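I have placed the structure first, in the form of structure tokens, so that the comments after it can refer back to it.
Hydrogens, waters and symmetry mates are skipped; everything else that's a heavy atom, side chains included, is used. Everything numeric here is computed off the predicted structure, so don't read it as measured data.
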Amino acid sequence: QVQLVESGGRLVQAGGSLRLSCAASGRTFSTYTLAWFRQHPGKERDFVAAITWDGGSSNYADSVKGRFTISKDNAKNTVYLQMNSLKPEDTAVYYCAADRWGVGQQQPRMYAYWGQGTQVTVSS
């Protein structure tokens, strides 16, 4: 059984930085893509970034390109989302997801495995 546990969300001022973590367990992820999504109140879940477990490919939503960086630590089975130059519109619940699609898969319904989410709040 796949388990994904996010952490790192908190209140931060606009312009600040934050790093989210997603600890993965339960299976071998060598053929998986790990992705970050976010959900604003009352809205659908949106794609943020994705990375293949071998690190060969990554992809970002236009809204976060140049500000966010996705990375991973294979030894720790953990994927990170480094978020810089945060804006109030980045406020959302951030979710980690996993499946065997490539990094181009941005539809949340295509991901089978999800974490519980972590709240990021950016104050102006």
Does the side chain to side chain contact (heavy atoms under 4.5 Å, CB included) test come out yes or no for Q119 and T91, once each step is laid out? CA-CA 8 Å; Q119 176 70 48; T91 295; 4.0 Å; yes

For [X] and [Y], which heavy atoms make the closest approach, and how far apart are they?
X: A49; Y: L81; value: CB-CD1, 4.2 Å
X: A50; Y: T33; value: CB-CG2, 3.9 Å
X: N84; Y: S17; value: OD1-OG, 2.9 Å
X: A92; Y: Q39; value: CB-O, 3.4 Å

Determine whether [X] and [Y] fall in the same hydrophobic cluster, where Ile, Leu, Val, Met, Phe, Trp and Tyr are linked whenever their side-chain heavy atoms lie under 4.5 Å apart.
X: V93; Y: V79; answer: no
X: V120; Y: L34; answer: yes
X: V48; Y: Y80; answer: no

Pairing residues for T52 by the side chain to side chain donor-acceptor pair (under 3.5 Å) criterion, not counting sequence neighbours: D54

Sequence neighbours excluded, every pair satisfying disulfide (SG to SG under 2.5 Å) that has a member inside residues 25-67: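 For residues 25-67, and leaving out neighbouring residues, there are no disulfide (SG to SG under 2.5 Å) pairs at all.
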
With D99 via salt bridge (Lys or Arg N to Asp or Glu O under 4.0 Å) - residues at least two apart: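 Residues passing salt bridge (Lys or Arg N to Asp or Glu O under 4.0 Å) with D99: none at all.
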
Are any side-chain N or O atoms of T78 and backbone N or O atoms of D73, one a donor and one an acceptor, separated by less than 3.5 Å? no

Can a donor-acceptor pair be found, under 3.5 Å and without considering hydrogens, that links the side chain of N59 to the backbone of V103? yes

Quick check for you: to the nearest 0.5 Å, what is the distance between S124 atom OG and K87 atom NZ?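 Output value for this atom pair is 14.0 Å.
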
Find the distance between SG (C96) and CD (Q116) and round it off to the nearest 0.5 Å.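 Rounded to the nearest 0.5 Å, the SG-CD separation comes to 9.5 Å.
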
Using the salt bridge (charged side-chain N to carboxylate O under 4.0 Å, His left out) rule, collect all pairs that involve residues 30-52, keeping only residues at least two apart or in two chains. R38-D90

Got a sec, which pairs hit salt bridge (charged side-chain N to carboxylate O under 4.0 Å, His left out) with one end in residues 5-25, sequence neighbours left out?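 Listed once each, the pairs would be none.
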
Between N77 and S25, is the side chain to side chain contact (heavy atoms under 4.5 Å, CB included) condition met? List the steps. CA-CA 7 Å; N77 267 14; S25 62; 5.6 Å; no

Any Y95 side-chain heavy atom under 4.5 Å of L20 side chain: no

Is there side-chain contact between Y94 and M83, with at least one heavy-atom pair below 4.5 Å? yes

Summary of ring pair (Phe, Tyr, Trp, His ring centres under 6.0 Å) pairs that have at least one residue in residues 35-58, sequence neighbours excluded: F29-W53, F37-F47, F37-Y111, F37-W114

